[in-house]
Number of protein chains: 2
Amino acid sequence: MKTRDKIILASLELFNERGERNVTTNHIAAHLAISPGNLYYHFRNKSDIIYEIFLEYEKLVDYYLDIPEDRAMTAEDMMFYLESVFDGLWSYRFFHRDLEYLLDSDPRLRQDYREFTNRCLKAINRIFEKLAEAGIIEAQPEDLRTAMSLNVWLVVTNWMAFLKTAHAEETYANLTINELKQGIYQVLTLEVPYLTSGYRDRVLALREKYRPTLPDRNESETSG
Amino acid sequence: MKTRDKIILASLELFNERGERNVTTNHIAAHLAISPGNLYYHFRNKSDIIYEIFLEYEKLVDYYLDIPEDRAMTAEDMMFYLESVFDGLWSYRFFHRDLEYLLDSDPRLRQDYREFTNRCLKAINRIFEKLAEAGIIEAQPEDLRTAMSLNVWLVVTNWMAFLKTAHAEETYANLTINELKQGIYQVLTLEVPYLTSGYRDRVLALREKYRPTLPDRNESETSG
DNA sequence: GACTGGCTAGAGTATATACTCTAATAATAC
DNA sequence: GTATTATTAGAGTATATACTCTAGCCAGTC
């Protein structure tokens, strides 16, 4: 594997494990047993590494959210979208953690991320439309659908942050992809009131599989 | 005003403006025209300043979310809760930005914040209960109510982050409290499907007042 | 006036961090 | 082979940051 690719891979790994803020370029080089000079031969700066990682992330999610227009949507499709998106979130989980700082440090990233968000919102919107066409959820006016899509985006992209703050101990290390996917339960919660009678039980059953076993909720929960 | 209080105030101001990560203790001291030594006489470290600010924030929100149990809830009450909470978010807006890093650096803060979150979730839950008792929304099983409350929390606490990423330019400076309050529209969107026929139009009208005029959604709206 | 204790100044320190520079080595072209 | 280019090492730099240390000021008290 080329050094350049190794740098990207190691950076992603370290960022995910420790958070971007806690990983320096020297750490990355040390982790790979290469010199800082070598790293800076391949990347002009730290931002450039992050930008490359973003491009990969973007590509992955764009691929996941490519919605086929030649056929109706099924409940399985919907679940597959959710699973895929949460897989993506997991693989690039450092990204949403320090998002605001990252965007402040790189205008190019800010611009790209903004367009990326808009594409995702459109895709979510389209999924809702097709779910309605397929009779899985009730059709809703465009206004409402757009606002719903935005809420889905907010829940999806911030569920992980919530989980980490809800953990009692240092949580960066011990978060698992299974816990993360409990966010699917929360997303489906948004759909619940719109489900058609024909699909209601079906989707509720699917949703049930992701019911959160919330992290040490018990510890201070004795009141109530 | 005592130096200690001035430090807290100036820190909050600078954190909100520039983000905690971009504000050093030396900046704070310089801003107040006091010496670093003076600052460190009053606070053992930066974390302690942040913790003090959190305590204020916590107190404020706890006060806002104190739900009177001696009377029924009105739609106005609900709106007042929303307005208040978003005011609080605005005043301490730096906090949710670097939340994860802050919690990682201070176990005491992590623990307190976790309990704070649980209290807020319970309050939201109770608000939904009382809205149902008042006939404003349909009553829902506890499970669903809890999941809904969590979604409300996610939307409330992350709406600001979304706004900032949606902005095209450097956004930390030019975000306004009015834009922030458009998050109320998103929260009410979550309630829409549960509104009773008696209150539906009423609440939809209230919601309409907060409809987002989303920041340069179409590429570059001339800012002026 | 002398003493005390809270408060403050400001120079200074240890460490970290992003990044540079030069020279050496490996790979490739001719 | 030689010349050229791509890659790498590793010491080094400029700057920043959280925090310390010492000495002095000032308000109140005896």
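Note on naming: letters A, B, ... go to the chains in the order of the sequence lines (proteins, then strands), and numbering restarts at 1 for each one.
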(request) Return the 5'-most residue of the pair A/Asn22, A/Arg44 with respect to DNA chain C, ranking by each residue's nearest nucleotide. (result) A/Asn22
(request) Using a heavy-atom cut-off of under 4.0 Å over every strand shown, decide if A/Leu39 touches base, sugar-phosphate, or nothing. (result) nothing
(request) Ignoring backbone atoms, test whether A/Tyr40 places a side-chain nitrogen or oxygen under 4.0 Å from the OP1 or OP2 oxygen of C/dC19. (result) yes
(request) For B/Lys46 and D/dT20, give me the distance from atom NZ to atom P, rounded to whole Å. (result) 15 Å
(message) Tell me whether A/Arg21 forms a cation-pi arrangement with B/Tyr101, defined as NZ or CZ under 6.0 Å from the six-membered ring centre and within 45 degrees of its axis.
(response) yes
(message) Counting only side-chain heavy atoms from C-beta out, which of D/dT8, D/dA18, C/dA18 sits nearest to A/Thr25?
(response) C/dA18
(message) For B/Tyr113 and B/Trp153, take the angle between the two ring planes, folded into 0 to 90°, and tell me which bin it lands in: parallel under 30, tilted 30 to 60, perpendicular over 60.
(response) tilted
(message) Is there a side-chain contact between A/Tyr41 and the phosphate of D/dT8, meaning an N or O under 4.0 Å from OP1 or OP2?
(response) no
(message) Of the listed nucleotides (D/dC19, D/dT17, C/dA9), which one gets closest to any side-chain atom of B/Ile34?
(response) C/dA9
(request) Identify whether any heavy atom of A/Ala29 sits under 4.0 Å from a base atom; if not, whether one sits that close to sugar-phosphate; answer base, sugar-phosphate or nothing. (result) nothing
(request) Assign the ring pair B/Tyr92 / B/Tyr57 to parallel, tilted or perpendicular, where the plane angle (0 to 90°) is split at 30° and 60°. (result) tilted
(message) Can you give me the closest heavy-atom contact between A/Tyr185 and A/Tyr210, atom names plus distance?
(response) CB-O, 3.5 Å
(request) Looking only at side-chain atoms of A/Pro36, point me to the closest of C/dC19, C/dT8, D/dA18. (result) C/dC19
(request) Could you point out which residue of A/Arg97, A/Lys46, A/Arg93 forms a salt bridge (Lys or Arg N to Asp or Glu O under 4.0 Å) with A/Glu20? (result) A/Lys46
(request) Take the protein atom CG of A/Leu32 and the nucleotide atom P of D/dT7, then report the distance between them rounded to whole Å. (result) 16 Å
(request) Using whole Å, report how far CD1 of B/Ile7 lies from C1' of D/dC19. (result) 14 Å
(request) Taking only the side-chain heavy atoms of B/Thr3 (C-beta and beyond), determine which of D/dT8, D/dA18, C/dT8 contains the nearest atom. (result) C/dT8
(request) Can you tell me the distance, in whole Å, between the CG atom of A/Asn26 and the C1' atom of D/dT8? (result) 16 Å
(request) Round to the nearest Å and state the distance from B/Phe43 atom CZ to D/dT20 atom P. (result) 15 Å
(request) Grab the OH-P distance between B/Tyr101 and D/dT17 for me, whole Å please. (result) 12 Å
(message) Nearest whole Å is fine: how far is D/dT17 P from A/Arg21 CZ?
(response) 11 Å
(message) Given D/dA9, C/dA18, C/dT8, identify the nucleotide with an atom nearest to the side chain of B/His42.
(response) C/dT8
(request) When you get a sec, tell me which of C/dT8, D/dA18, D/dA9 is the closest nucleotide to the side chain of B/Asn38? (result) C/dT8
(message) Measure CG/B/Asp48 against C1'/D/dA18 and give the value in whole Å, please.
(response) 13 Å
(request) May I ask you to verify if any side-chain N or O of B/Ser35 is less than 4.0 angstrom from the OP1 or OP2 atom of C/dT8? (result) no
